[in-house]
Structures are given as C-alpha cells and as structure tokens.
Amino acid sequence: MTAQLNPRGDVAVLVPAAGAGVRLGPGRPKALRLLAGEPLLVHAVRRLAAAPSVHTIVVAAPPAEVQAVRELLAPVAPVIVVPGGAERQASVAAALAAVPAGPTIVLVHDAARALTPPELVESVAAAVRGGRDAVIPVLPVVDTIKEVGADEVVLGTVDRSALRAVQTPQGFRRAVLSAAHAAAGDSLTDDAGLVEKQGVAVSCVPGSEYAVKITRPFDLALAEHLLAAAG
Ligand code: C5P
C-alpha cells in the first residue's frame, strides 16, 4: 500500500506518538492505550485521514513498537511509521525527515489529542495556505490563573484575557518548520515555540473542545463519554 492519502493534497501531518504516558498511570505507551476498545493512535489517525487536504501522515512510534504500530494502522489509513526519539522534539524531527516531496504545509499533531475533528485539521491548514507561516488552534482560558511561589504562596493574578490554551494540530509552511528544527537548541513541548524562537509570527485560529489532550485518567474517562455521546 502506498503511504499516500489524497495525492492532490498539500498537507503532511506528523504524529509524535512515542511518549510513555507516565501521567496516565502504568501501562502501554500512551498512544496505544485503549479508548472505547481502540488505541488512542487509531482514533487520532482515523480523524486525520478523514481531512480532505491530507496527502501524507507520518507517525513517530515508540522504537520497540514500530512494526506493531504499522500493523495496527494498516487497516485504518496508509501511513508512514518511523521510530520516535527520547524527547517529543526528536520524535517530530524524525517524522519530518520522512515526509516525501510534495506537501508544502506540515501539521504536527499529538496522538494524545485523539478526538480532534477533521474540521480543525482543515481550518489550521487553510490558515497556512492563506499565507500564515505558523498557525496554532487555541481556546480561551476559563480558570483564573495565579502565579505561585515555591512555597505555594500566591505572587499575583495573571490577566486571563491575554491568555490562550494551545492545542494541536499546529500548522507550518514546510520550509519554516524545517528551518526551526534545523536550528533547534533546547527541547520545547510545542513546535510553535521553536518557530517563535526564529522570530516567525505565529497566528491563532479557534480550537475545539474535542481536541482535548488525553493526559490523565480523568481525560480518558471524559473522552469515553464524548465518544459515547457522539454515538
Ligand atoms: O508527554 P506529552 O503528553 O507532552 O506528549 C505529547 C505527545 O508527544 C504525545 O502524543 C507523545 O506520544 C509524544 N511524544 C513523542 N516522543 C517522546 C515524548 C512524547 O512522540 N519522546
């Protein structure tokens, strides 16, 4: 099977899925934990593959699970699977290196955001296509945020109106992401942070409540409910 979805698509999606998922408790690597009987990664890839602009999906799998992940995803969608690295950034870099010629837009999407709707993939890609160098989906911050000292004493209250919670997929012109990774120094938890360091403007589009990052057991339970409610 060719690892290509829509041959006319202009988007490659990188899926770092090599994390251990320690905060979910003991068990398999996080991307392979089950949600409604299927691994998180299967849910995520199925939704990415349903986005019409997607040409290629590259998954960075736990190195010991590369063959298992290939077999797992073969019935879901044509994907390229590469071994991930010790840090998320290294996993993204490994996936980026495997993108074939063609796509001019690269999205980076955490497998842990397993219920992200294809519409969000399209809206991030459309903003890059429309001329933005880097695009992130965001939600307003609903809680009051305090800055706290080492002794758990409040230092101050942060102005919430200027804050956004950032999701994935994060989208980039391919050359912008490649340059940021080539220049990368310290490891960061998101790719927009890398391009910010290069002085590139990062634009926001509205995120989705369904793009919640499944990190703790509570998030897994919430995702089960969302899936059940969606029928
Ligand atoms: O650990 P965290 O939840 O921030 O991980 C975000 C995403 O990065 C997850 O999908 C995880 O599988 C991935 N990751 C990776 N390689 C690592 C660490 C995390 O692909 N070494």
Side-chain angles (χ1 to χ4, degrees), residues 12-35 38-49 51 54 56-70 72-73 76-77 79-99 106-118 120-121 124 136-139 164-172 177 180-181 184-196 207-208 210-223 226:
V13 189
L14 317 181
V15 187
V22 174
R23 288 167 291 182
L24 262 184
R28 301 211 66 198
K30 178 158 74 172
L32 303 177
R33 302 287 182 101
L34 298 186
L35 165 60
E38 291 184 305
L40 292 177
L41 183 60
V42 168
H43 288 279
V45 166
R46 186 181 292 132
R47 285 162 179 78
L48 293 171
V54 174
T56 298
I57 297 173
V58 184
V59 174
E65 308 274 357
V66 169
Q67 193 51 34
V69 167
R70 277 195 190 117
L72 178 72
L73 294 177
V76 180
V79 296
I80 298 168
V81 183
V82 299
E87 309 271 345
R88 181 185 181 283
Q89 194 170 303
S91 296
V92 173
L96 183 59
V99 176
V106 178
L107 269 49
V108 186
H109 183 53
D110 290 336
R113 298 186 189 271
L115 300 187
T116 300
L120 186 61
V121 175
V124 170
I136 56 175
V138 301
L139 291 178
R164 303 288 182 272
V166 179
Q167 303 181 319
T168 72
Q170 301 188 347
F172 307 90
L177 186 64
H181 270 271
D186 297 344
S187 193
L188 293 178
T189 56
D190 87 322
D191 301 277
L194 284 184
V195 310
E196 280 161 46
S208 164
Y210 284 87
V212 55
K213 183 169 165 190
I214 299 170
T215 306
R216 292 152 299 199
F218 179 84
D219 307 322
L220 205 49
L222 175 67
L226 290 174

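Order of appearance sets the numbers: ligands from 1, and atoms from 1 within every ligand.
- Atom 14 (N) of ligand 1 has as its closest protein heavy atom G19 N, 3.4 Å.
- Atoms of ligand 1 found under 4.0 Å from any heavy atom of A17, numbered from 1 in the order shown, are 12 (O), 20 (O).
- Looking only at protein heavy atoms, the nearest one to atom 4 (O) of ligand 1 is K213 NZ, 3.2 Å.
- Here the side chain of Q167 pairs a donor or acceptor atom with the backbone of S208 at under 3.5 angstrom.
- Numbered from 1 in the order shown, with element, the atoms of ligand 1 that lie under 4.0 Å from a heavy atom of A112 read 10 (O).
- Nearest-residue assignment for atom 2 (P) of ligand 1 (options R23, R88, H109; heavy-atom criterion): R23.
- Counting only distance, with no hydrogens or angles, the side chain of K30 and the backbone of L40 share no donor-acceptor pair below 3.5 Å.
- Close contacts between ligand 1 and K30 involve ligand atoms 3 (O) [criterion: under 4.0 Å to a heavy atom].
- Scanning the protein heavy atoms around atom 10 (O) of ligand 1, the nearest turns out to be P16 O, 2.8 Å.
- Between T168 and P137 there is no side-chain heavy-atom pair separated by less than 4.5 Å.
- At least one side-chain heavy atom of L72 sits less than 4.5 Å from a side-chain heavy atom of L32.
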If you apply the rule side-chain contact (heavy atoms from CB on, under 4.5 Å), what do you find for L177 with V108, and how did you get there? CA-CA 10 Å; L177 186 64; V108 186; 3.9 Å; yes
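- Looking from atom 7 (C) of ligand 1 to the surrounding protein, the closest heavy atom is D110 OD1, 3.4 Å.
- The S91 neighbourhood of ligand 1 comprises atoms 15 (C), 16 (N), 17 (C), 20 (O), 21 (N), with distances under 4.0 Å to a heavy atom of that residue.
- Close contacts of ligand 1 with A86, meaning ligand atoms under 4.0 Å from a residue heavy atom, involve 21 (N).
- Every heavy atom of A31 sits 4.0 Å or more from the atoms of ligand 1.
- In this structure, of P29, G84, G85, the residue bringing a heavy atom nearest to atom 21 (N) of ligand 1 is G85.
- R70 places none of its side-chain heavy atoms less than 4.5 Å from the side chain of V59.
- Residue R113 places every heavy atom at 4.0 Å or more from ligand 1.
- Counting only heavy atoms of the protein, atom 20 (O) of ligand 1 lies nearest to A18 N, 2.8 Å.
- Within the 4.5 Å cutoff, no side-chain heavy atoms of T116 are placed close to those of R47.
- Using a 4.0 Å threshold on non-hydrogen atoms, atom 16 (N) of ligand 1 counts as touching the protein.
- Looking at D110, its side chain never comes within 3.5 Å of a backbone N or O of R113 through a donor-acceptor pair.
- The only option from V42, V81, V45, V79 that meets the side chain to side chain contact (heavy atoms under 4.5 Å, CB included) definition with V69 turns out to be V81.
- Using a cutoff of 4.0 Å between basic side-chain nitrogens and carboxylate oxygens, R88 and D191 are scored as salt-bridged.
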